[in-house]
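Just below is one structure, and these are the notes that go with it.
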Amino acid sequence: MSLNPRIDSFAGRRVWVIGASYGIGAEIARELLARGARVALSARKRDLLAQVAGDAHDALIAELDITDRESIGRAARAIEARWGGYDLALIVAGTHLAMRAQTWDLASAKQLLDVNLIGVLNCLDAIIPTLLQQRSGGVGIVSSMAGYFGLPKSLIYGASKAALINLAESLYGDLHPDGISVYLINPGFVDTPLTQKNDFSMPALMTADAAARATLDGIAAGRFEIHYPKRFTAWFKLLRMLPYRLQFAAVRRVTGL
Ligand SMILES: NC(=O)c1ccc[n+]([C@@H]2O[C@H](COP(=O)([O-])OP(=O)(O)OC[C@H]3O[C@@H](n4cnc5c(N)ncnc54)[C@H](OP(=O)(O)O)[C@@H]3O)[C@@H](O)[C@H]2O)c1
């Protein structure tokens, strides 16, 4: 049985995509427009948001920086003034920085957490009161399979994503009884500007448009956790259940790190 209500069609749904200027979020916005949704596109780069929106009449651009609460408030007010609320907010924005204990850098660690964790909280600060007031709609948070357990080169990124997994689980418990859907999206490797910096081979790499379709299909099916590609993430889920001795050995064997 699905943990959230199913969505038969996105046509006419009002969806706010935060992190929609490129990468997975841009493809989600494009796919939503193709499925007939009304889409508010947010991120910092207005020109790229406009390119993603194209000439869609149902698109609205609400520029923001998720590390800046005031800019999120302005964007939220603009969307609510235009639409009177929204049916779904997807927090996709995030960043990545490879770090190991040997390259420890506190300033970079704090910067990453400021975007990937505090930035999401800043967005929720605007979204939760609106959803509670509406007593309808939903919120989705993009975490990562890197949040399942500690991986090499993922020292702070993994910690930020583990926090989001825990956050989404608690949010579900709090908001579901009030009729609000919560989605946790855990992608594997997706080909975007974020991963194009990686210097290692990425198993089961997906295209961003396939990731967008998998995200929206999972939401439409009413899933709580949406993870993909399953042939990769299923292994991670299995590995997560193993005793640490076996888990550490398997990670070392696969990554060589
Ligand atoms: N790609 C993967 O393999 C993968 C795997 C697992 C999880 N994820 C997660 O999926 C999400 C999207 O990843 P992606 O690969 O699509 O990344 P990406 O290609 O780097 O795109 C990141 C998006 O986030 C926006 N963004 C970044 N910092 C922002 C800020 N301070 N304020 C507002 N928007 C901001 C960017 O727009 P602006 O620069 O215009 O602001 C852009 O739209 C991230 O949370 C990432 O951690 C990705």
Side-chain angles (χ1 to χ4, degrees), residues 16-31 39-53 61-76 89-99 110-126 140-148 151 153-154 156-165 167-168 183-212 214-215 218 225-229 232-233 236:
W16 184 10
V17 185
I18 301 173
S21 53
Y22 49 90
I24 300 170
E27 293 307 323
I28 289 176
R30 285 195 182 97
E31 182 66 22
V39 183
L41 298 97
S42 289
R44 291 166 300 180
K45 300 185 183 78
R46 191 181 180 84
D47 50 339
L48 294 183
L49 292 172
Q51 277 177 31
V52 175
I61 290 168
E63 203 177 327
L64 56 72
D65 181 335
I66 62 168
T67 65
D68 172 4
R69 279 181 62 208
E70 284 189 13
S71 72
I72 299 169
R74 275 196 302 276
L90 294 175
I91 309 170
V92 189
T95 189
H96 181 262
L97 174 80
M99 195 190 292
K110 285 182 170 176
Q111 264 174 21
L112 189 133
L113 288 176
D114 201 31
V115 177
N116 283 10
L117 179 56
I118 308 299
V120 172
L121 302 186
N122 288 338
C123 295
L124 290 173
D125 192 54
I141 296 176
V142 176
S143 177
S144 168
M145 51 131 217
Y148 286 167
L151 293 167
K153 295 195 176 179
S154 198
I156 310 302
Y157 179 78
S160 73
K161 295 301 186 180
L164 293 185
I165 291 173
L167 178 74
Y183 309 95
L184 165 65
I185 299 121
N186 286 325
F189 289 115
V190 182
D191 187 13
T192 67
L194 183 141
T195 46
Q196 282 153 14
K197 295 180 287 189
N198 285 345
D199 60 0
F200 52 88
S201 80
M202 293 176 275
L205 184 69
M206 279 177 93
T207 61
D209 60 318
T215 302
E225 190 195 7
I226 298 153
H227 60 96
Y228 48 77
F232 186 53
T233 49
F236 267 72

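Order of appearance sets the numbers: ligands from 1, and atoms from 1 within every ligand. Hydrogens, waters and symmetry mates play no part in the numbers below; they use all other heavy atoms, side chains included.
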Distance (rounded to the nearest 0.5 Å) between I66 CD1 and I18 CD1
8.0 Å
With sequence neighbours left out, the residues meeting side chain to side chain donor-acceptor pair (under 3.5 Å) with D47 are none
Side chain to side chain donor-acceptor pair (under 3.5 Å) involving E31 - partner list, sequence neighbours excluded
R35
Around atom CD of Q196, are there more than 12 heavy atoms from other residues, nucleotides or ligands closer than 6.0 Å?
yes
Angle between ring planes, Y148 versus F236, binned at 30° and 60°: parallel, tilted or perpendicular?
tilted
Listing by chain and number, which residues have a heavy atom under 4.0 Å from ligand 1?
G19, A20, S21, Y22, G23, I24, A43, R44, K45, L64, D65, I66, V92, A93, G94, V142, S143, S144, Y157, K161, P187, G188, F189, V190, T192, P193, L194, T195
Name the atoms and distances for all side-chain donor-acceptor pairs under 3.5 Å in residues 113-120, with sequence neighbours left out.
residue: N116; atom: OD1; partner: T95; partner atom: N; Å: 2.7
residue: N116; atom: ND2; partner: T95; partner atom: O; Å: 2.8
residue: N116; atom: ND2; partner: S160; partner atom: OG; Å: 3.3

